[in-house]
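For reference, the structure is listed below as structure tokens.
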Number of protein chains: 2
Amino acid sequence: MPDGFERMWADLAPVGRSAASGGYFRQPFHAAERELAAWFGEQAAARGLTVETDVFGNQVAWWEPASPSGLGALLTGSHLDSVLDGGAYDGPLGVVSAFAAVDRLRERGAVPTRRVGVAAFVEEEGSRFGQACLGSRLATGAIGWDRARTLRDRDGVALGDVVAGGGSTLLEDVATYVELHVEQGRDLVDRGAAVGVATGIWPHGRWRFDFAGEANHAGSTRMEDRADPMLTYAMTALAANKQARLSGQRATFGRVEVTPNGTNAVPSRVSAWLDARGGSDASVADLVAAVERQAGERAGRDGTTVTVTAESVSPAVVFDDALVAGLARDHDGGDWPTLPTAAGHDAGVLHGRGIRSAMLFVRNPSGVSHSPAETATTADCLAGVEALATTIERLAVA
Amino acid sequence: MPDGFERMWADLAPVGRSAASGGYFRQPFHAAERELAAWFGEQAAARGLTVETDVFGNQVAWWEPASPSGLGALLTGSHLDSVLDGGAYDGPLGVVSAFAAVDRLRERGAVPTRRVGVAAFVEEEGSRFGQACLGSRLATGAIGWDRARTLRDRDGVALGDVVAGGGSTLLEDVATYVELHVEQGRDLVDRGAAVGVATGIWPHGRWRFDFAGEANHAGSTRMEDRADPMLTYAMTALAANKQARLSGQRATFGRVEVTPNGTNAVPSRVSAWLDARGGSDASVADLVAAVERQAGERAGRDGTTVTVTAESVSPAVVFDDALVAGLARDHDGGDWPTLPTAAGHDAGVLHGRGIRSAMLFVRNPSGVSHSPAETATTADCLAGVEALATTIERLAVA
């Protein structure tokens, strides 16, 4: 008998976990994340599912129908990588729940009428190569290999030196994708619901701001003789926060790299990454433009320069109304609530490439995400498994 | 015949130099800096000088008098380590000039009446273990080994795992120290002088500011629900700049470390190092207190906390008037100008521990320091060698 939900969850708990913070470091193609990829293969084998892995490391475990139908495959799953010092649920909950949902359906004697796949996409968080949803973008051709192979991690290692690359046929017969994910916010707490259905994803993106000045001695250089890019950055970080508040959107500078990063040297360069999200493609573009304009004005006063590079921009996603309504209706206790999310997901990428997609959220009582404090109760997780089983049943069982 | 100044300089030029920036990475006890330590031994051997090395790695090459006198030793030299991405002259110029000055005196047939030592102190910049002038502080007992052994570098390696430690007798008979150094500023350019004499060193120090907040998702967390320490830091960096301008002092945040430093996560923690310097011990303390107060006020608004730790504080140094005057007077073309410096030096540490000390500066036409752009002309460097030879002659030759 394959491992149940709680056993799978307990097995994953120590992998890539920092003893100091309790958070997870599961960067793609490093040891902890590769251990999870091996675990994925073992779980598939224990269930007699065939694993297909593409040239980028994306994995799908296939549950084949008794007799092939004309319908394209139904995919579920999520990702196994984490942000730096992330939580336990973001990603793995969707993969573990998918295996558990297959088990639940089999216990009921269900037989699929179309292929059902459990997916694990690599580098969803972009924590190593800087491009969010990199695995699903590569598998769907949303980003070309010629461009992706040159992406580098913080140690200067290129993606092209890590994976073979080339073309992927992993998703070629996939018609529908349903991703279960821990909620990233507190909507479901306020609504008193264990499970919700996503209506769409806010547009979002990452912009690298490179502030350049002149390195100099922190003691002997008069304040008025400096060209200190740290000052330009500091004002820009405050401006981004203010612009986001004013427009009811989100703007964050969470990553900064300083050159040379010495206590007694005025920096020559500060690079900082803006994560911006909002209600519409236009309003996010306005937000970024306002921040860039204020950065440029301050650079003029500081004697520095600022260059802005869009590293990834994801337009607004509106999931298929009929699919969302079909997933949300008629559960124990009524309908599940529907809600939008400000977080990016592989489901958004697949939707953008023509695969009908939807998402289920499991309540997160802390409301905290991308942090060791992210959590979900076991009861809510099991409600999520049941929700996913029902969803697969509605979409892929006779 | 030992290598002349220009040959020594050319031999050092490639060691630890970054091909990308042209700057130097000569952190203590790493390969490049150890190569310089070995070079020091070779230069001493070529001159028949005996090298004494203490338990911390500080080196002195001794030129012994024909017959011992009652005078304590005269030390000259500087350091061979660099800041991250530093210039070629800061440190090595003083060591190379010291060897060249010994050669010049011997060519003139000079015989010392007291021991003359050429010194190379380790970790003057504090670029690895965070404590400036670490080698000279250890050699003079200004910092105890019990405290120093626990200092850690950015990789978590403790000083106690790198050097044996214990007690040093290297400086026990040293009465006087004269350090030659490239100027860190443009005073000598304005005065039209190749060489100057230091009158003293501004008080200065390093304070670590730890800003703590709550890690969270950069997309799904509303701006008003955040406790983002990056904002508190950004305001503090701007406040430090403003306070320094208002008080005519110096304040720099050149080093920042963000946790977890991911683009799509609000940071849980930002640590940043304030380098502050000014005209008096009291005015520097006032400057740091003002920055700390403003940081605390902003932390209250951001829902974050700030903790300030003094990592090193060096009080004002005023060199001996008579020694300064004796070094400055009666050179070709008149007296050398005298000037204070805002940069810390081993000479300041030795002065603080009762060794009569002074410094010579060689003109830096760029005025830039702690940067690959730091420079000096060969003619000025040779004038510096001559100045140092004259100084040794006046203090240690019959």
Side-chain angles (χ1 to χ4, degrees), chain A residues 23 83-86 125-127 130 132 184-185 202 204 206 214-225 228 230-231 233-235 237-238 241 244-245 250-256 258-268 273 275 277 341-344 367-373, chain B residues 23 83-86 125-127 130 132 184-185 202 204 206 214-225 228 230-231 233-235 237-238 241 244-245 250-256 258-268 273 275 277 341-344 367-373:
Chain A
V83 295
L84 300 169
D85 208 22
E125 299 289 4
S127 67
Q184 298 170 295
W202 272 16
H204 58 280
R206 299 172 176 203
E214 186 182 44
N216 219 323
H217 193 290
S220 55
T221 318
R222 294 181 302 179
M223 303 308 288
E224 55 269 36
D225 292 342
D228 184 352
M230 186 70 84
L231 302 175
Y233 163 64
M235 196 291 265
L238 294 174
N241 183 266
R245 284 176 183 266
R250 312 274 154 82
T252 309
F253 277 103
R255 179 180 174 197
V256 179
V258 183
T259 305
N261 210 30
T263 301
N264 55 357
V266 176
S268 58
W273 282 257
D275 181 303
R277 320 199 185 205
T341 178
V368 173
S369 177
H370 285 185
S371 155
Chain B
V83 296
L84 301 169
D85 210 20
E125 299 289 4
S127 67
Q184 297 170 297
W202 273 16
H204 58 279
R206 299 171 175 205
E214 185 183 45
N216 219 323
H217 193 290
S220 55
T221 318
R222 293 181 303 180
M223 302 308 288
E224 53 271 35
D225 292 342
D228 184 350
M230 187 69 84
L231 302 176
Y233 163 64
M235 195 291 262
L238 295 175
N241 183 265
R245 284 174 182 267
R250 313 275 154 80
T252 310
F253 277 103
R255 179 180 174 198
V256 178
V258 183
T259 306
N261 211 28
T263 302
N264 54 359
V266 176
S268 58
W273 283 256
D275 182 302
R277 320 200 183 203
T341 176
V368 174
S369 177
H370 285 186
S371 155

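Side-chain atoms are counted along with the backbone in the values below, which use heavy atoms only and exclude waters and symmetry mates. First the proteins, then the strands, lettered A, B, ... as listed; each starts at 1.
Partners of A:Ser371 according to the side chain to side chain contact (heavy atoms under 4.5 Å, CB included) rule, which considers only residues two or more places apart in sequence or in another chain, are A:Val368, A:Ala373, B:Ala215. Here A:His217 pairs with A:Ser220, A:Thr221, B:Gln184, B:Arg277, B:Ala343, B:Ser369, B:His370 under the side chain to side chain contact (heavy atoms under 4.5 Å, CB included) rule; sequence neighbours left out.
Most heavy-atom pairs under 4.5 Å with chain A, from the set B:Leu84, B:Thr263, B:Asp228: that is B:Thr263. Put simply, of B:Arg245, B:Arg222, B:Arg255, the one with the most heavy-atom pairs under 4.5 Å next to chain A is B:Arg255. Considering only heavy-atom pairs separated by less than 4.5 Å from chain A, the leading option among B:Ala244, B:Ala265, B:Gly23 is B:Ala265. Of the listed residues A:Gly86, A:Gly367, A:Pro372, A:Ala251, the one with more heavy-atom pairs under 4.5 angstrom with chain B than any other is A:Ala251. In terms of heavy-atom pairs under 4.5 angstrom with chain A, the leader among B:Gly130, B:Ala237, B:Gly262, B:Ala132 is B:Gly262. Chosen from A:Gly185, A:Pro267, A:Gly126, A:Ser127, the residue pairing most often with chain B at heavy-atom distances under 4.5 Å is A:Pro267. When B:Leu231, B:Val258, B:Thr259 are compared by the number of non-hydrogen pairs under 4.5 Å with chain A, B:Leu231 comes out ahead. Ranked by non-hydrogen atom pairs under 4.5 Å with chain B, the options A:Asn241, A:Val83, A:Asp85, A:Thr341 are led by A:Asn241.
Annotation for B:Ala342 and A:Gly219: closest pair CB-O, 3.0 Å, computed over non-hydrogen atoms.
In this structure, the portion of B:Met230 lying under 4.5 Å from any heavy atom of chain A is its side chain and not its backbone. Heavy atoms of A:Val256 lying under 4.5 Å from chain B belong to its backbone as well as its side chain. Residue contact with chain B, scored on non-hydrogen atoms closer than 4.5 Å, involves the backbone and the side chain of A:Glu125 alike. In this structure, chain A has heavy atoms under 4.5 Å from both the backbone and the side chain of B:Val266.
For the atom pair A:Thr252 OG1 and B:Met223 CE, the distance stands at 5.5 Å (nearest 0.5 Å). Distance check: A:Tyr233 OH to B:Tyr233 OH gives 8.0 Å after rounding to the nearest 0.5 Å.
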